[in-house]
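Everything on this sheet refers to the single structure shown next.
Here is how names work: the chains are called A, B, and so on, in the same order as the sequence lines, proteins then strands, and each is numbered from 1. Just so you know, these numbers come straight off a predicted model, no measurement behind them.
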Number of protein chains: 2
Amino acid sequence: MSIQKIAKLAGVSVATVSRVLNNSDSVKAKNRERVLQAIKESNYQPNLLARQLRTARSYMILVMVSNIANPFCGEVVKGIEEEAEKNGYRILLCNSGSDLQRSRSGLSLLSGKIVDGIITMDAFSKLPELSALIGTAPWVQCAEYADSGTVSCVGINDVDASQHVVSQLADGGRRRIALINHDLSYKYARLRERGYKSVLHLRDLEYQVVEYASDLSSSAGMAAMKKLLANNPPDAVFAVSDTLAAGALRAIEQAGLRVPQDIAVVGFDGTELSEMVSPPLSTIEQPSRDIGRKAVDLLLNKIDNPDAPTERVMMDWRYVARAST
Amino acid sequence: MSIQKIAKLAGVSVATVSRVLNNSDSVKAKNRERVLQAIKESNYQPNLLARQLRTARSYMILVMVSNIANPFCGEVVKGIEEEAEKNGYRILLCNSGSDLQRSRSGLSLLSGKIVDGIITMDAFSKLPELSALIGTAPWVQCAEYADSGTVSCVGINDVDASQHVVSQLADGGRRRIALINHDLSYKYARLRERGYKSVLHLRDLEYQVVEYASDLSSSAGMAAMKKLLANNPPDAVFAVSDTLAAGALRAIEQAGLRVPQDIAVVGFDGTELSEMVSPPLSTIEQPSRDIGRKAVDLLLNKIDNPDAPTERVMMDWRYVARAST
DNA sequence: CTGAAAGCGCTTACAG
DNA sequence: CTGAAAGCGCTTACAG
């Protein structure tokens, strides 16, 4: 069913049908009626491919994440959705799983003109190939940073937040503070590790152990914690995600130790999960929704105005103390 | 940058360029070289809109979920991704948030020919308008059922699973068993409630209290549990999702009661979360990944073979007993 | 093995 | 207010 058929059915030209479809211009009421009638009768639905090919505009944006299962990511996406919707855009979610092949495939939606722009929450700094694939298309990094200054990004100051956590633990008398970090191909992981190390150094704390979780699942956090417990265990653990911290909690409990008496635990993100585990987690609360919203604002601005300047937006964060410390 | 430009650059026709792009036919090695060279030089990337418009094939499928934040949903999506990828398809995720407007918008990707088919994990049975929008396009319902027999679906036998849970609780001596259910616009919610009620009836248990959670978040589960505790509290709670059960656990703890001594709790889905909370949850383990994979198989079959028969696939489930009961 | 040409289903100046 | 026509960027018989 095409616009041609509708035109024939309604006894008008395709141009007229197109006009009522885009409720633009002034179409004579009678003709509009006829067209609407024909559309209804034939259950016609416009072919978006043709439309987008012609107008070079899709009002869709691609959101690439490495793991939607992470609740923080889910929150950010909600913010993105809200703001996109408010501006007449729809979003397409692509879960890369940090897989190169799948990332490539996702990006082809951008280079293939299916979407108008892209928001990534994925690690790109070590993958120049992917950045090249994006080229000069509208692109915003979200809750993750670009090394170069050519792409806009929005997030929090990870070094500061990390330093704050470790300082709090040290202030509370902890001397053996371990870090459960994510893959260092993420810039945020490198920054948080830097914050961690800088405080240890500043306070002359010798114990410095970093365990890397294979992904941001609770079971990865649990596995990492088990390794930490295996030899020379810490008296405090800072995990860079609430999910990891939740797993750590579980491993500590299984080892017959108590939180926070034996080991204090701090998470990151401030997701609902941090309140649901027992004991509830101290954590860094990120303004997840706002990060998502802001990312959309930056992106839409870039789409409408291709030579808008690159921006690097830093949002506020907040340390929330709960029973785990 | 278009195929035209490449043709000019390489000194061949657009047809030849198209042929090397689809590495089809036999193109003379020399010409192939030239084209490849031109593509590289100009950093050309094919316009997918044009390609898909022409071929009427996108090798993309749309996955519509009501809430990706639900970990069970995340697992199913992983299964979908794996199977799709294996078959050369990519998936687009659309988070409807159970919102009619957003669902409509997502479905236009289907009617607009952007995708070849759709897998839904959303409630449709009460929304004939949406079903109409999908029309006769390839469609599989996943972990949720269609009322009519015209659309294929894959899931588990919810009535059986629910009956099993409630029977277990009753066998364990529980007499006041409450249900924390989801919105009844979901067929699975109606089926699980039916299973719950049938066992109560069978065993002459008079206590019958159902609380409905506003969504599948832990905080909704917590809110529901608080209501149950407010008057005439149960000695067991069956929640239709692990996330809800996790929230219930928390509410019980906050009320100063013990699980399972005072109140037993059972979840549903068998997600990682069920092992991460304390005490770990007894739950119904669904074969999430396999459900996703199977849905893709059914869908691709329907795409390739439009008059394939409708199938209703029931997968196996398993009751996992843990410390919460 | 290759190219000219038609056509996928739209939108949009342009002329009337 | 309306229609004929060009064109978005591809693919694919068809003829050679």
I want to check one thing: is the phosphate of [N], taken as OP1 and OP2, less than 4.0 Å away from some side-chain N or O of [X]?
{"X": "Thr16(A)", "N": "dG3(D)", "answer": "yes"}
{"X": "Asn31(A)", "N": "dC1(D)", "answer": "no"}
{"X": "Asn47(B)", "N": "dC8(D)", "answer": "no"}
{"X": "Ser2(B)", "N": "dG9(D)", "answer": "no"}

Need to verify one output field. Residue with the more 5' nearest nucleotide on DNA chain C, Gln45(A) or Lys28(B)?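 Closest to the 5' end, via its nearest nucleotide, is Lys28(B).
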Comparing Val17(A) with Ser13(B), nearest DNA chain C nucleotide closer to 5' gives the residue Ser13(B)
Between dG9(D) and dA13(D), how far apart are the two P atoms, rounded to whole Å?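 Going atom to atom, P in each nucleotide, I get 23 Å.
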Distance between the P atoms of dT2(D) and dA6(D), in whole angstroms? 22 Å
Base, sugar-phosphate or nothing for Ser18(B)? Non-hydrogen atoms, less than 4.0 Å.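 Counting heavy atoms under 4.0 Å across all strands, the contact made by Ser18(B) includes a base.
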Between [N] ([atom2]) and [X] ([atom1]): distance, integer Å:
{"X": "Arg51(B)", "N": "dG9(C)", "atom1": "CZ", "atom2": "P", "value": "18 Å"}
{"X": "Arg19(B)", "N": "dT2(C)", "atom1": "CZ", "atom2": "P", "value": "8 Å"}
{"X": "Leu49(A)", "N": "dC10(D)", "atom1": "CG", "atom2": "P", "value": "14 Å"}
{"X": "Gln4(A)", "N": "dC8(C)", "atom1": "CD", "atom2": "P", "value": "8 Å"}
{"X": "Leu53(B)", "N": "dG7(D)", "atom1": "CG", "atom2": "P", "value": "17 Å"}
{"X": "Leu48(A)", "N": "dT11(C)", "atom1": "CG", "atom2": "P", "value": "10 Å"}
{"X": "Ile3(A)", "N": "dT11(C)", "atom1": "CD1", "atom2": "C1'", "value": "8 Å"}
{"X": "Asn22(A)", "N": "dT11(C)", "atom1": "CG", "atom2": "P", "value": "5 Å"}

Spacing of Ser58(B) atom OG and Ile114(A) atom CD1 [to the nearest 0.5 Å]: 7.5 Å
Does dA13(C) pair with anything, Watson-Crick or G-U wobble, both distances under 3.5 Å, and if so, with which nucleotide? none
Salt-bridged, Lys78(B) to Glu81(B), with N to O below 4.0 Å?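 Not counted as a salt bridge, because no side-chain N and carboxylate O are separated by less than 4.0 Å.
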Between Val17(A), Val20(A), Val12(A), Leu21(A), which is the residue that forms a side chain to side chain contact (heavy atoms under 4.5 Å, CB included) with Ile6(A)?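 Testing Ile6(A) for a side chain to side chain contact (heavy atoms under 4.5 Å, CB included) against Val17(A), Val20(A), Val12(A), Leu21(A) leaves exactly one candidate, Val17(A).
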Gln45(B) side chain to Ser108(A) main-chain N or O, any donor-acceptor pair under 3.5 Å? no
Is Arg102(A) reaching over with its side chain to a backbone N or O of Gly97(A), donor-acceptor style, under 3.5 angstrom? no
Base dG9(D) paired with Arg54(B) side chain (donor-acceptor, <3.5 Å): no
Would you mind telling me which of dT12(D), dC8(C), dT12(C) lies closest to the side-chain atoms of Thr55(A)?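 Taking heavy atoms from C-beta onward, the closest nucleotide is dT12(C).
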